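Below: the structure, in structure tokens.
Because the structure is predicted, anything quoted here is derived from the model rather than measured. First listed ligand is number 1; within each ligand, the first listed atom is number 1.
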Amino acid sequence: MPLRSDPPPKGAHVRRHHRTTPRIRRSPRLHRLLGTLLLVAAAGVFTAGSAPAAAAAPVPLDQVIPAPAQVTPGGAPYRITAGTAIRVDPDPEARRVAEYLAGILRPSTGYRLPVTAQGSSGIRLRLADGGYGAEGYRLDSEAGRVTLTAATPAGLFHGVQTLRQLLPAAVEKDTVQPGPWTVAGGTITDHPRYGYRGAMLDVARHFLTVDQVKRYIDQLALYKINTLHLHLSDDQGWRIAVDSWPRLATYGGSTQVGGGPGGFYTKDDYREIVRHAASRFLQVVPEIDMPGHTNAALASYAELNCDGVAPPLYTGTSVGFSSLCVPKDVTYDFVDDVLREIAALTPGPYLHIGGDEAHSTSHADYVAFMNRVQPLVAKYGKTVIGWHQLTGATPVPGALAQYWGLDSTKAAEKEQVAQAARNGTGLILSPADRIYLDMKYDKNTRLGLSWAGYVEVKRSYDWDPGTYLPGAPASAVRGVEAPMWTETLQKSADLEFMAFPRLPGAAELGWSPATTHDWDTYKARLAAQAPRWDALGIAYYRSPQVPWPTAG
Ligand code: TNX
């Protein structure tokens with residue numbers, strides 16, 4: 001799949017569109033009403049941070065992304081003041097969540113916001129059983145206090161993300177802002193639809209630094225995504241140090257698409273990513289893509305090739321030309337060593353073994369390879385995830401298949417995946433023509449690919465994971481993941497332009513009950529996120545499908 005050359009950056013800055021107001025005859029009463037409405041609307045716009053503080057109206061409780069399961073607005077609002085304290089139960093992880101919240105609030109409010117176990121007013125984080133589940137929470141906002149209650153620190157953390165979004169966008173800034181810091185009154189009771197809510201970064205095509213990955217993790221956390229899948233190896237680069245096969249990283253990681261210097265993570269770098277992800281309640285799923293997409297490994301060790309000859313490093317963007325040598329025993333020594341070392345770096349349950357686009361591996365070899373490699377994942381105590389081609393072999397019990405087909409994928413291929421799902425293989429849904437974040441929005445998008453078509457924001461949002469794959473039981477769907485392939489993407493601004501505004505939609509598909517799904521209300525909530533992205537320094541794509549605030 002060769003890359004198309006990028007068109008000129010026409011779509012790079014999509015301008016706000018102008019609305020024309022129809023001239024209508026108004027009665028005096030209607031006139032007054034319209035005047036009031038205008039004031040209210042203006043107050044809403046001013047929430048973006050530029051206007052008199054007193055005009056700001058609190059964010060309505062139902063403006064959050066992902067949409068909460070249940071929202072009951074009402075009662076007096078809560079206001080954070082210079083005297084506010086953050087009260088937290090005496091649990092070390094809950095305390096870390098409280099400190100994280102304080103870390104967001106202190107720079108913009110300028111308040112001290114001490115974290116303490118004492119007292120019952122202010123912002124309270126409480127651990128309690130109450131049917132919240134592993135990640136759910138309840139938020140109660142009233143005159144003297146706002147209380148987050150959850151069964152787990154993860155639930156409190158997700159509640160903190162909701163609280164963050166209920167505060168004015170200026171709360172995201174790192175300098176003191178005027179406020180006021182008001183949270184609308186009422187109650188939210190919330191929990192996720194799916195346990196697996198992922199985003200993938202391809203650090204193989206273009207290497208991304210630890211800091212770039214951490215920045216993306218922080219953005220994922222804002223939308224309650226709980227899984228970061230790292231695509232650590234491909235034809236163009238091997239990005240993780242493996243002590244038993246050191247040339248994988250030092251040589252196989254020495255370049256990238258376009259021939260730049262590439263790079264790799266030392267084990268300490270990788271632990272730092274895992275640690276940072278865990279602090280945001282994300283698990284990391286490492287992927288070593290096999291048996292195809294392996295040119296960087298084959299180039300690093302001649303003995304991995306069937307003919308014993310190492311190919312050169314590769315800096316182009318074609319796929320499907322490389323394969324590990326399935327009949328050779330050394331292949332499995334290699335895979336065993338790599339999986340052992342990566343499993344040891346992975347606190348989470350999953351190892352992703354790739355398995356896509358193995359066009360240079362015969363079907364018989366592919367099946368033989370997967371039959372030998374899947375038990376190695378189990379040997380190191382982990383659960384297999386593979387791209388959905390794995391269902392053409394025999395997924396081991398407990399394995400998950402990651403579906404990346406399109407609406408136009410042949411019925412027989414869909415049925416193969418659906419049948420595996422009926423036989424117990426869990427599904428992660430990443431339909432390429434919906435949530436591949438590297439697809440162009442339209443023909444003018446200056447970054448990205450278009451092999452799966454153009455994917456505008458509405459198309460990306462408007463599908464239901466529960467009924468998406470014909471013949472697959474809804475109970476097989478473990479969640480949703482939005483992959484970001486990086487053939488054309490090199491820096492954080494590139495990732496952010498492609499992820500925003502589509503990523504919040506993927507997050508909502510993974511978290512929110514199907515009953516909340518509605519494009520018209522979603523697009524208004526999405527538009528309201530724009531001032532927050534501005535405050536966070538995220539340069540998003542101003543899709544013409546979304547009614548962005550004109551003051552943003
Ligand atoms: C398909 S999706 C691939 C990747 C490419 C991507 C580009 C998948 C499992 N394989 O190798 O990077 O398309 O969009």
[X] heavy atoms, cut-off 4.0 Å: which ligand 1 atoms fall inside?
| X | answer |
| --- | --- |
| His293 | 11 (O) |
| Asp438 | 7 (C), 14 (O) |
| Met439 | 14 (O) |
| Leu449 | 7 (C), 14 (O) |

Heteroatom distance test ([X], ligand 1): nitrogen or oxygen, under 3.5 angstrom:
| X | answer |
| --- | --- |
| Trp387 | no |
| Tyr436 | no |
| Asp356 | yes |
| Glu357 | yes |
| Arg205 | yes |

Check your understanding: Do Phe321 and Asn295 touch side chain to side chain, with heavy atoms closer than 4.5 Å?
Key ->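 Side chain of Phe321 against side chain of Asn295, heavy atoms only: contact under 4.5 Å found.
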
**Study point:** Side-chain touch Leu449/Thr488, heavy atoms, less than 4.5 angstrom
**Key:**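 Leu449 vs Thr488: side chains touch.
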
Exercise for review: Flag this pair as yes if the NZ/CZ of Arg446 is under 6.0 angstrom from the six-membered ring centre of Phe497 and inside a 45 degree cone about the axis; otherwise no.
Suggested key: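 Geometry flag: set, cation within 6.0 Å and 45°.
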
Review point. Between Trp238 and Tyr301, does the ring centre distance come in under 6.0 Å?
Key: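 No; Tyr301 has its ring centre 6.0 Å or more from that of Trp238.
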
Review point. Between Tyr522 and His517, does the ring centroid distance fall short of 6.0 Å?
Key: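 Not under 6.0 Å, so no.
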
Check residues 474-485 and write down every donor-acceptor pair under 3.5 Å in which the side-chain atom is one partner and the other belongs to a residue at least two apart or another chain.
from	atom 1	to	atom 2	distance (Å)
Glu481	OE1	Tyr196	OH	2.7
Glu481	OE2	His229	ND1	2.6
Glu481	OE2	Gln402	NE2	2.8

Check your understanding: Got a sec, which residues hit side-chain contact (heavy atoms from CB on, under 4.5 Å) with Ala452, two or more places apart in sequence or on another chain?
Key ->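 Counting only residues at least two positions away or on another chain, Ala452 forms a side-chain contact (heavy atoms from CB on, under 4.5 Å) with Leu406, Ala432, Asp433, Met439.
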
